[in-house]
Amino acid sequence: MRWKTIDDIEMTDKTVLIRVDINVPVEAGHVTDATRIEKIVPTVRDVQAKGGKPVLIAHFGRPKGQVVPEMSLRVTVPALEAALGRTVAFAEDCIGGPAKKAVAAMRPGDVLLLENTRFHPGEEKNDPAMAAALAALGQVYVNDAFSAAHRAHASTEAIAHLMPACAGRLMEAELKALNAALGDPERPVVAVVGGAKVSTKLDLLGNLVEKVDHLVIGGGMANTFLVAKGAEVGTSLAERDMAETARAILDKARDRGCSIHLPVDVVIAREFKAGAAHETVAAEACPADAMILDAGPATVDAIVEVFTRCRTLIWNGPLGAFEMPPFDAATNAAARKAADLTRGGRLVSVAGGGDTVAALNKAGVADDFSYISTAGGAFLEWMEGKVLPGVAALET
Ligand code: 3PG
Ligand code: MG
């Protein structure tokens, strides 16, 4: 698929509506992780370099079509100013009089942020009237919100059809990285999928076994697969009612020539807490009163061996209870190996999804991956092989 970029559109003296995702964590009135804010800087800078006047459009939280003062985007202004190195004006509403007035007051060099689009019910309904009211504020639309592109909303979908539209720099980078990982990857490709539940990642697993050469399954969902293969997993987190589904995924993988890698050894404990007394046992030998909290060293060796044979890695979800040492050991060791191979130019590594980024940051390797997506839900839907409406709307 093809889309325009900032380079393809004339912006001189034009008001450029930039849809960003600055849905960032906030505690006690302060942004606690500005990553998503920092990532939009190249787009704002390049729009300004082309003579455009950047107006930022975004959602924040889930106010469900009502004005919820605690979900005002105003709280992000200081972090935006810090990232952009200039003052950022704020409009009390994203459409209508206040927005028009704020746009009219912009001087060269100014950046304007509009209030939460989800304060209007038309946003999530992808309402054409809401999209038209947004479009009336400017002449060009730039979508830089890959992480909100799984939503068909007025500010992500409908608006793109109303004016010249293009992808921002972050959107471009995301699409390029994701295409390199699953669209047109260098083979062999290995996917690591972890996390608690098979039930939330069924579509994802079903899509991946058709596309990748190796699939490493870790975390709680690996327990469900162990159960499916007849193992006892004691008090471990496992979805026993999903065993049949897990078997179907194993069968599909076999038919498609995708090798599935399950734990061969596991780290078990009797308490779910950091530092709990633990031991390593064979994957099928978890005692009835113990739970599996991480993959064991032999499993890590096997994963590392797969990594060294592959050219592309796509990673979603931790291999164990990574928030509680020492049950972060397998995730950390595998992540470090992926980082080494990436640094050595032997692997293209792409990761995404909320917990995944936290786990890779904790392992201290996030900077060494080829690409870390800013997206949570959008990354998962993309791994499921779904068309993201915000991306599709940019198609030329
Ligand atoms: C996110 O934080 O994942 C995006 O901003 C999308 O938010 P949503 O899940 O509320 O649509
Ligand atoms: Mg979300």
Side-chain angles (χ1 to χ4, degrees), residues 17-27 30-41 43 56-68 70-77 79-80 83 94 113-127 130-131 134 142-160 167-171 173-175 177-178 195 200-201 203-204 315-317 350-361 366 371-384 386-394:
L17 308 176
I18 310 177
R19 178 50 160 103
V20 292
D21 184 357
I22 50 173
N23 195 22
V24 290
V26 168
E27 267 168 48
H30 295 282
V31 172
T32 53
D33 178 357
T35 308
R36 281 181 170 174
I37 287 176
E38 286 152 11
K39 297 274 186 185
I40 65 166
V41 172
T43 293
L56 308 181
I57 301 180
H59 75 279
F60 192 49
R62 293 177 178 172
K64 301 197 160 85
Q66 316 260 344
V67 176
V68 178
E70 301 75 53
M71 293 185 196
S72 170
L73 270 169
R74 192 187 278 282
V75 69
T76 65
V77 168
L80 274 168
C94 65
L113 170 66
L114 305 180
E115 183 57 289
N116 195 343
T117 50
R118 290 187 185 172
F119 283 179
H120 292 273
E123 165 69 336
E124 295 190 57
K125 291 188 181 130
N126 204 16
D127 175 16
M130 170 84 184
L134 287 167
V142 177
N143 190 345
D144 213 24
F146 174 79
S147 49
H150 56 319
R151 310 293 182 209
H153 293 175
S155 70
T156 60
E157 206 283 330
I159 189 176
R169 299 305 187 204
L170 177 57
M171 175 70 88
E174 295 268 6
L175 295 175
L178 299 188
T200 58
K201 294 197 181 168
D203 291 348
L204 187 152
W315 189 322
N316 173 265
V350 175
D355 265 7
T356 315
V357 179
L360 297 182
N361 277 327
Y371 194 79
I372 304 266
S373 177
T374 56
F379 188 86
L380 293 180
E381 289 200 19
W382 169 80
M383 277 183 93
E384 289 166 2
K386 296 205 173 118
V387 172
L388 306 186
V391 175
L394 294 177

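These figures come from a predicted structure and were not determined experimentally. Both counts, for ligands and for their atoms, begin at 1 and track the order of listing.
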Discussion item. For the backbone of E157 and the side chain of N126, can you confirm whether one donor and one acceptor N or O come within less than 3.5 Å of each other?
Written reply: no
Can you find a non-hydrogen atom of A148 under 4.0 Å from ligand 1? no
Restricting to heavy atoms, the pick from R118, H59, R36 nearest atom 1 (C) of ligand 1 would be R36
message: If you apply the rule side-chain hydrogen bond (donor to acceptor under 3.5 Å, both in side chains), what do you find for R19 with S155, and how did you get there?
response: CA-CA 7 Å; R19 178 50 160 103; S155 70; 2.7 Å; yes
S72 and E115 have their tightest heavy-atom pair at OG-OE2, 2.7 Å
- Query: Between R151 and ligand 1, does any nitrogen or oxygen pair lie at a separation below 3.5 Å?
  - Reply: yes
Only one of V31, L170, T76, D21 passes side-chain contact (heavy atoms from CB on, under 4.5 Å) with R36, and that residue is D21
By salt bridge (charged side-chain N to carboxylate O under 4.0 Å, His left out), E174 pairs with (sequence neighbours left out) none
Ligand 1 to S147, heavy atom cutoff 4.0 Å, flagged ligand atoms 4 (C), 6 (C)
For D21, the ligand 1 atoms with a heavy-atom partner under 4.0 Å come out as 4 (C), 5 (O)
Atoms of ligand 1 under 4.0 Å from any heavy atom of R62, numbered from 1 in the order shown, are 8 (P), 9 (O), 10 (O)
